Structure formats: C-alpha cells, structure tokens
Amino acid sequence: MPHAGPRRFSTPLIVFLTALVTGAAVLLALNFTAGEKKVQHELPRLYSTASPQFERALGSLLGPGIVGGNEVTELLNGDQIFPPMLAAIKAAQKSVTFETYIYWSGDIGKQFADALSERAQAGVQVHVLLDWVGSAKMEDSYLAEMEQAGVQIKKFHEPHWYNLARLNNRTHRKLLVVDGQVGFTGGVGIAPEWTGNAQNPDHWRDSHYLVRGPAVAQMQATFLDNWLKVTGKVLHGDAYFPAIALVGTQKAQMFSSSPSSGSESMQLMYHLAITAAERSIDLSVAYFVPDELTQNLLMDALKRGVRVRLVTPGEHTDTETVKAASRATWGDLLQAGAEIYEYRPTMYHCKVMIVDQLLVSVGSTNFDNRSFRLNDEANLNVYDAKFAQRQTLVFEDDIKRSRRVTHADWLERPLREKLHEKMTGLLRSQL
C-alpha cells in the first residue's frame, strides 16, 4: 500500500476556516469593549457638592433635570423590600413596568410571577424585561404562567445573529414602576438570597428604595428606553405617564447609562461627585474594582482631607475573583487614610454612595468597569440632607457589623491571595 502523506486541505476550506476564526476573534474583541472612547482625563475641581453649580452640572451636563417634590424611603433587606413591591403590583390599575437583572427560581420568584399574572388577567398592561443572562436560572414555568396570563415578557440581548457583538452588554437595572406613580429601585434581584433580614449567609444584605413624586416619571422613561430597544414599541399615555403630584421635599433625578447611548455618563457622575466632595465619601460597594483614574480621584479627595469610608463583602462573597481584584487596589487607599470594612454576617450587595451628607446615589451601579462601561445601569440621585443623614446611619450600622482592614493587614495578607490578585488583574476590564 502506498504511504499516506499528510492530509491536505483545499484552499476554499482554508479560507472558510480562517474567516470563521477571524470572525470569532472580532466578536470576542467587540464583546470585551464598550465601543466608546474611555474617559482619560481627570476633572478639575471647580466647586463643592454644596454649590448650586454641582447640581446644575449633574442635572444639565450629564443627566435628566433634577426635580423636586419627591419622597424616597429606604427598605433594608428582603423582609422590608419585597412586601411593598408585591403590594404595589397587586394594587396596580393601569400599568406595571418591571426590569431586572437577576430573576431565579424560588418562592419569591413564584410570588412575583403570580402577582404579575393576576394583574395582567385583570386587564392591567404588564411589561417585564429580563436580562437573558441574569434570568438563566428562572423556571420556564414562571414564564409560561405569565405569558399565558397576558404579561408581555422580553429578554434583553437574547442571542441572535444580529446582536452577537453585544452579548457582553447586559441590563443590570432594577426598576419597578406601577401606574406611573410609584417606583422601586436599588440592588435586589428576585431570588431566595434576597429574602429574609440578612440573618445568615443564605440571606444577603441589600437596600432598595420606594420612590414617590415626579422622579418616578424619569424612572419610567429609563425602563421604556430599554423596552424600546428590545421591542421597537413606544409606551406612552396616561397609563404610563400620568400627572404626578408633589408628595415630599426631596430633590431627585433618575440617572442611567448604556453602552449604546453614553456608557461613560455614570462614571462621570461618580467622578464629579468624588471631585466635588468636601467632607466625606461613604461607599457601600458590593463590587469595588476601580480603574486607575477613579483611584486617583479618591486619592486626591483623601489628600484634601475628605474622609473616605468603604464597606465591602468579607468572608461571604458570591465571586472570589472580584474580591481578589478589589483587594489588589486597596494598598494606596489604605496608606492614604481610607477606611475599608469587610461585612461579616453575609454577602454584602448594597450599592450606595453618600457624599458630604448631601447627595445619595442608589441603584444598580457597582464601582467597577463592568458597571461603568459594559452594562446598562440606573441610579437614583437624591439631594436632601435629612435623607443623606438617615442613609449615613444605615451605613454606620453596617460598619458595626464589619471588620476594619488596616494597611498592615493588607500588607500581611497570604501569598496565595497576592498571587490570586495578580491573576485577576488580567480580567479587570470585565469585572
């Protein structure tokens, strides 16, 4: 028998395989970038948070206008959060719009599916937007129940040939608006981990916020922005944008960002607030992986005498990779005087920034590159000293349940942790 030589591929096959590999590489590269030019220059400090110019900048330069007449109430942990959300849904008369990243199986997921289905059957217009990745653990039976009842359900960036370059862009927003009059936003997902009262590692610590007043219309518009992207349909009219009475004294704005329409705006909002800080910056941060520019702004704040305090997850975390990447950034901050605390009882999932006890920013945004450049995010900014003081008390209560990490502690961490931190540095752009 003649000896079989090496297998030869035809030129068309080689061209096809080359094109396939090249296409896959291009898609991967596109998914690892936001597609926009990164903010590279630090902001000059022209005013403090107490200056009217600070509010003008955030309300005119970056976001929707700041509106008065609002009442925002903090809800701490699932026992306080889920009952009013479900009660609002059950009381809906005209519309329910609901956007969330995490929706998993479990009793609380079934309760939401039942409540949304009942309202749809009663003739209420119910719209649910789920992230395709975040809802992967959701039982199909919940979807079937809601769809059969008439709930309009869509998934954000569900894979199709025409959006493969956007698979890394997720909606991380948490928004519930009922009848255009009452809204909820914050950090919670719909899953068993968020139920209870943070009493043990199976029940996470998180905060959500009940909103009434004109800012609810901005929350509604933020939901409808993504609904339009996914469905091509515009929802409007009295069922979604009714006249809203002034109900309180707080000024607020609903701030949002998206790679498709200004991903840098959320990071710029944080940077403006840090730059304007005069006395204090308190950060409740589930995921704290600042880039070099953000670290420099925090260092500048420390140098001018601003007290910087952070509460982050400790032993209990849902991602060791992010925890390692976070700890790698602490050295200079700790040495410059920042106070960093690791929450002890359970996973700490809060996302709150308090600046000078004047501005409070709450919502879905994490202090990392993924939130600043890759995800769709939404934060409610509240400009009210009394509200800020209440949130500071909540923050300091979390500190009491935390362990402070000193610079000496950080220097003495085990070698395996240092090696892990070095490895996670390669993934920092995606964290």
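Atoms considered below: every heavy atom in the structure, side chains included; atoms not considered: hydrogens, waters and symmetry mates. Since the model is a prediction, treat every value here as computed from it, not as a measurement.
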(request) Applying side-chain contact (heavy atoms from CB on, under 4.5 Å), run through Met269 and Met353 and close with a yes or a no. (result) CA-CA 11 Å; Met269 184 273 288; Met353 177 175 68; 4.3 Å; yes
(message) Between Lys137 and Ser105, does the side-chain contact (heavy atoms from CB on, under 4.5 Å) criterion hold? Intermediate values first, please.
(response) CA-CA 6 Å; Lys137 298 181 183 179; Ser105 299; 5.6 Å; no
(message) If you apply the rule side-chain contact (heavy atoms from CB on, under 4.5 Å), what do you find for Leu130 with Leu143, and how did you get there?
(response) CA-CA 11 Å; Leu130 306 173; Leu143 293 171; 4.0 Å; yes
(request) Mind running side-chain contact (heavy atoms from CB on, under 4.5 Å) on Glu99 and Val230 for me, showing each step along the way? (result) CA-CA 12 Å; Glu99 180 175 0; Val230 174; over 6 Å; no
Please tabulate, for the side chains in residues 187-194, all donor-acceptor contacts under 3.5 angstrom to protein atoms that are two or more places apart in sequence or on a different chain.
from	atom 1	to	atom 2	distance (Å)
Trp194	NE1	Asp206	OD2	2.8

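The line from CG of Leu310 to CD1 of Ile399 is 9.5 Å long, rounded to the nearest 0.5 Å. Atom OH of Tyr47 sits about 9.5 Å away from atom CZ of Arg56, to the nearest 0.5 Å. Note that CG of Leu129 and NE2 of His127 are 11.5 Å apart. Values are rounded to the nearest 0.5 Å. Distance check, rounded to the nearest 0.5 Å: NZ of Lys323 to CG of Asp318 gives 11.5 Å. Between the CD1 atom in Ile274 and the CG atom in Leu43 there is a gap of 10.0 Å [rounded to 0.5 Å]. To the nearest 0.5 Å, atom OG of residue Ser364 and atom OH of residue Tyr101 are 11.5 Å apart.
Pairing each heavy atom of Thr222 with each of Ser256, the nearest pair is CG2-CB, 3.8 Å. Lys351 and Asn366 get closest at one heavy-atom pair: NZ-OD1, 2.6 Å. Scanning all heavy atoms of the two residues, the minimum distance from Thr195 to His203 falls at O-CD2, 3.0 Å. Residue Tyr240 comes nearest to Ser95 through the heavy atom pair CE2-CB, 3.7 Å, listed as atom of the first residue, atom of the second, then distance. Here the closest heavy-atom approach between residue Leu302 and residue Val306 is recorded as CD2-O, 3.6 Å. Across all their heavy atoms, Thr49 and Ala273 have their closest contact at CG2-O, 4.3 Å.
In this model, no donor atom of one side chain and acceptor atom of the other lie less than 3.5 Å apart for Gln295 and Asp332. With hydrogens and angles left out, the side-chain atoms of Ser280 and Gln357 include no donor and acceptor closer than 3.5 Å. Arg205 and Ser207 share a side-chain donor-acceptor pair at under 3.5 Å. Side-chain atoms of Ser141 and Glu139 include a donor-acceptor pair closer than 3.5 Å.
Within a 6.0 Å radius of CZ in Arg390, other residues, nucleotides and ligands contribute more than 12 heavy atoms. Under a cut-off of 6.0 angstrom, the local environment of CD in Gln148 is sparse, with at most 12 non-hydrogen atoms contributed by other residues, nucleotides or ligands. By the neighbour-count criterion of 12 heavy atoms within 6.0 Å, atom CD of Gln53 is densely surrounded, having more than that number from other residues, nucleotides or ligands.
Of the possible polar contacts, none joining the Gln125 side chain to the Ala239 backbone as a donor-acceptor pair under 3.5 Å is found. With hydrogens and angles disregarded, a donor-acceptor distance shorter than 3.5 Å links the side chain of Gln218 to the backbone of Met254. A distance-only check finds a donor-acceptor pair linking the side chain of Trp104 to the backbone of Gly134 [under 3.5 Å]. Between the side chain of Glu315 and the backbone N or O of Met347 there is no donor-acceptor pair closer than 3.5 Å. Side-chain atoms of Arg119 do not come within 3.5 Å of backbone N or O of Ala115 as any donor-acceptor pair. Judged by distance alone, with hydrogens and angles left aside, the side-chain atoms of Arg173 form a donor-acceptor pair with the main-chain N or O of Ser257 at under 3.5 Å. Although no hydrogens or angles enter the test, the distance criterion places a donor-acceptor pair under 3.5 Å between the side chain of Asn379 and the main chain of Thr365. Judged by distance alone, the side chain of Asn200 and the main-chain N or O of Asp202 form a donor-acceptor pair under 3.5 Å. The main-chain N or O of Thr406 is found under 3.5 Å from a side-chain atom of Asp409 such that the two form a donor-acceptor pair. Using modelled atom types, one side-chain atom of Tyr103 and one backbone atom of Gly109 make a donor-acceptor pair closer than 3.5 Å.
Using a 4.0 Å cut-off between charged side-chain N and carboxylate O, Lys94 and Asp179 make no salt bridge. With respect to the salt-bridge test (charged N to carboxylate O, under 4.0 angstrom), the residues Arg327 and Glu342 qualify. Arg45 and Asp300 are not joined by a salt bridge, as no carboxylate oxygen comes within less than 4.0 angstrom of a charged side-chain nitrogen.
Under the ring pair (Phe, Tyr, Trp, His ring centres under 6.0 Å) criterion, Phe112 pairs with Phe82, Phe98, sequence neighbours left out. With sequence neighbours excluded, the residues that form a salt bridge (Lys or Arg N to Asp or Glu O under 4.0 Å) with Lys110 are Asp114, Glu145.
Between Leu297 and Thr275 there is a side-chain heavy-atom pair separated by less than 4.5 Å. At least one side-chain heavy atom of Phe387 sits under 4.5 Å from a side-chain heavy atom of Val72. The shortest distance between side-chain heavy atoms of Trp330 and Arg413 does not fall below 4.5 Å. At a threshold of 4.5 Å between non-hydrogen side-chain atoms, the residues Val234 and Leu228 count as touching. Side-chain atoms of Tyr348 and Tyr341, non-hydrogen and from C-beta on, never get closer than 4.5 Å to each other. Put simply, the side chain of Leu333 reaches to within 4.5 Å of the side chain of Met299, judged on heavy atoms. Side-chain contact between Leu224 and Phe241 is present, with at least one heavy-atom pair separated by less than 4.5 Å. Counting heavy atoms from C-beta outward, Phe184 and Pro84 have side chains that approach closer than 4.5 Å.
Screening Thr73, Val247, Asn70, Ile244 for a side chain to side chain contact (heavy atoms under 4.5 Å, CB included) involving Arg212 leaves a single residue, Val247.
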